[in-house]
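I have placed the structure first, in the form of structure tokens, so that the comments after it can refer back to it.
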Amino acid sequence: MSGGSSTPGLTAERVQALNEDDLQALCECVDASILEGGGFAWVRPQGRSVLERYFRGILLVPERLLFVARQDGIIVGSAQLVRPSRSNEAQAMNASVTQFHIAPYARGTGLGRILLEEIINGARAMGYQFLNLDVRESQNRAIALFLSLGFEKWGTNPYYALDDGQMLRGHYFVKRLQENSRLLQNGASSETDHGKSADMTARPLTLYPAIDLKDGACVRLRRGEMDDATVYSDDPGAQARAWCAAGFHWLHVVDLNGAFAGRSANSEAVKQIVANAKVPVQLGGGLRDLAGIESWLEAGISRVILGSVAVKNPELVKEACRLFPGRIVAGIDARMGLVATEGWAEVSDMQATDLGLRMQDAGVAAIIFTEITRDGMLQGLDLEQTANLARTVSVPVIASGGVGSLDDLAALRRVAADAPGIEGVIVGRALYDGRISPADALRVLS
């Protein structure tokens, strides 16, 4: 998170998690904006329960980034930066702003400008070339703000919105973010000021720092062998705080004992992580039934990872996806392309791509792919298998196993340009050993 203003008491930032006070304030300011008729798609107030579910869901969607405006620390406005899906290569250079609003009781303070500038800077830092937005014609103050910050109106829809039986027009705006953006005109690319074509925007990838738990401690294994573990911390909560402070937007947690035992075995350590994390946490290892899945989701885990059960009980995965949409991830661990189960102790005769298609059909939100012969070895990801899976399935793929240097992350970045289904990467030992600094890793992937 970063503040977007030097004005005392007025700030804007991107948030990856909301505490109860923030959620209450956010819901109140949205309802106030709806009542006043500005800046939100609903035309009637929705109330706390509806809006709470809505915003908690937004935080779980990789393509949507939530920004908020604060007055004296209290949320009084928000907006979302929407990134195109990874399968939409044709519009990979564009991002959009939606649901932009400042509560009526906080207007006139300049917070609208502060919030929009923070979003513009964020989109520019991510490498997007153009920022789009649209607005009802009745929102005169918002339109004036957009024009003052360099947005150009390019079109009007006469049937944009229906409010109380009245048809309202809407205006469409675009802002160019990069001076050397490559534009395609009649099939030819324009040249930059230096006479060379600039690269199309590379899509940001999410870095998931790994917290692997064995006997209550944070460890890393080599090739999944429990007897070949290095202990990095005996305080999982402190490790969670450290990764959050480093700027990571997700935490990836695995209960290693649980993966072998078939049931959660590091519950207290996981609870410490959830209590100390300011970002969403995904958890895998030992989750084999709906009761265990529901228990962890209610305890604050954002997504659960189902591994062995995906092979042995696909109907459970399907039912979990139906009951908890967007919160179930499939973990596909493979040894030389064949799916491994039971904490990698057993290898099946199923191809990873076949299981990926089954999990896609079951409705999982994403797939984590690990080539276990590389895991913990710092010898680089299996880019060929990862890209092959990403091209086979339509759900996002998270790479895992073997990252040892910034070059490995840069190589994944290049592969992801041709395999847009790759959403992110899990990194463990290289971060703990200091081979890769968090700041450098985030820079390479942003």
Side-chain angles (χ1 to χ4, degrees), residues 62 85-89 92 199-210 220-225 252 254 284 305-308 310-311 329-341 343-344 346-361 364-431 435-436 440-441 444-446:
S85 66
R86 295 193 178 279
S87 59
N88 189 357
E89 292 182 276
D199 292 334
M200 290 296 287
T201 300
R203 302 180 62 72
L205 300 182
T206 302
L207 195 153
Y208 298 79
R220 289 300 291 168
L221 306 183
R222 293 177 184 271
R223 295 194 179 98
E225 299 292 339
H252 173 79
V254 177
I305 305 162
L306 303 181
S308 298
V311 179
V329 175
I332 299 182
D333 304 323
R335 190 184 296 274
M336 306 304 290
L338 297 177
V339 175
T341 62
W344 303 349
E346 300 177 10
V347 178
S348 71
D349 58 0
M350 182 183 296
Q351 293 286 334
T353 49
D354 292 337
L355 181 57
L357 288 170
R358 293 187 188 185
M359 292 300 98
Q360 171 187 298
D361 292 342
V364 299
I367 294 172
I368 298 171
F369 176 73
T370 305
E371 170 51 60
I372 61 178
T373 60
R374 294 173 178 260
D375 191 70
M377 301 306 293
L378 305 170
Q379 295 176 353
L381 294 157
D382 191 320
L383 297 175
E384 182 177 355
Q385 282 198 76
T386 303
N388 184 40
L389 179 61
R391 295 187 184 105
T392 300
V393 300
S394 60
V395 297
V397 172
I398 301 169
S400 176
V403 172
S405 68
L406 285 177
D407 288 342
D408 295 333
L409 296 180
L412 178 68
R413 201 79 172 77
R414 291 190 293 271
V415 169
D418 294 321
I422 297 175
E423 187 273 331
V425 59
I426 295 168
V427 183
R429 184 179 293 272
L431 286 172
R435 296 169 186 263
I436 300 176
D440 288 341
V444 169
L445 296 177
S446 67

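Computed from a prediction, not measured in an experiment: that's the story for all the values here.
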Note, H252 side chain near I368 side chain (heavy atom, < 4.5 Å): yes

List the atom of [X], the atom of [Y], and the distance in Å for their closest heavy-atom pair.
| X | Y | result |
| --- | --- | --- |
| A387 | I422 | CA-CD1, 4.4 Å |
| A441 | I436 | CB-CG2, 3.6 Å |
| G424 | L205 | CA-CB, 4.2 Å |
| P396 | A365 | CD-O, 3.3 Å |
| R413 | V444 | NE-O, 3.3 Å |
| T386 | A399 | CG2-CB, 3.8 Å |

Atom pair CG (L389) and CG (L357), whose distance is rounded to the nearest 0.5 Å: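 Spacing of CG (L389) from CG (L357) equals 8.0 Å.
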
Rounded distance [0.5 Å steps], CD in Q385 versus OG1 in T353: 9.0 Å

I'd like to check the side chain to side chain contact (heavy atoms under 4.5 Å, CB included) partners of [X]; sequence neighbours left out, ordered by chain and number.
| X | value |
| --- | --- |
| V427 | L207, V403, L409, V425, A430, L431 |
| S394 | Q360 |
| D354 | M350, Q351 |
| A330 | M359, V364, I367 |

Main-chain N/O of R358 paired to D361 side chain as donor or acceptor, under 3.5 Å: no

Salt bridge (charged side-chain N to carboxylate O under 4.0 Å, His left out) involving R391 - partner list, sequence neighbours excluded: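 Result, salt bridge (charged side-chain N to carboxylate O under 4.0 Å, His left out) vs R391: none returned.
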
Residues which pass salt bridge (charged side-chain N to carboxylate O under 4.0 Å, His left out) with D440, listed by chain and number, not counting sequence neighbours: R443

Qualifying residue, where the test is side-chain contact (heavy atoms from CB on, under 4.5 Å) with L355 and the options are D333, I332, V393: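 It is I332; the other options fail the test.
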
Candidate pair L381 and E371, rule side chain to side chain contact (heavy atoms under 4.5 Å, CB included), full reasoning: CA-CA 8 Å; L381 294 157; E371 170 51 60; over 6 Å; no

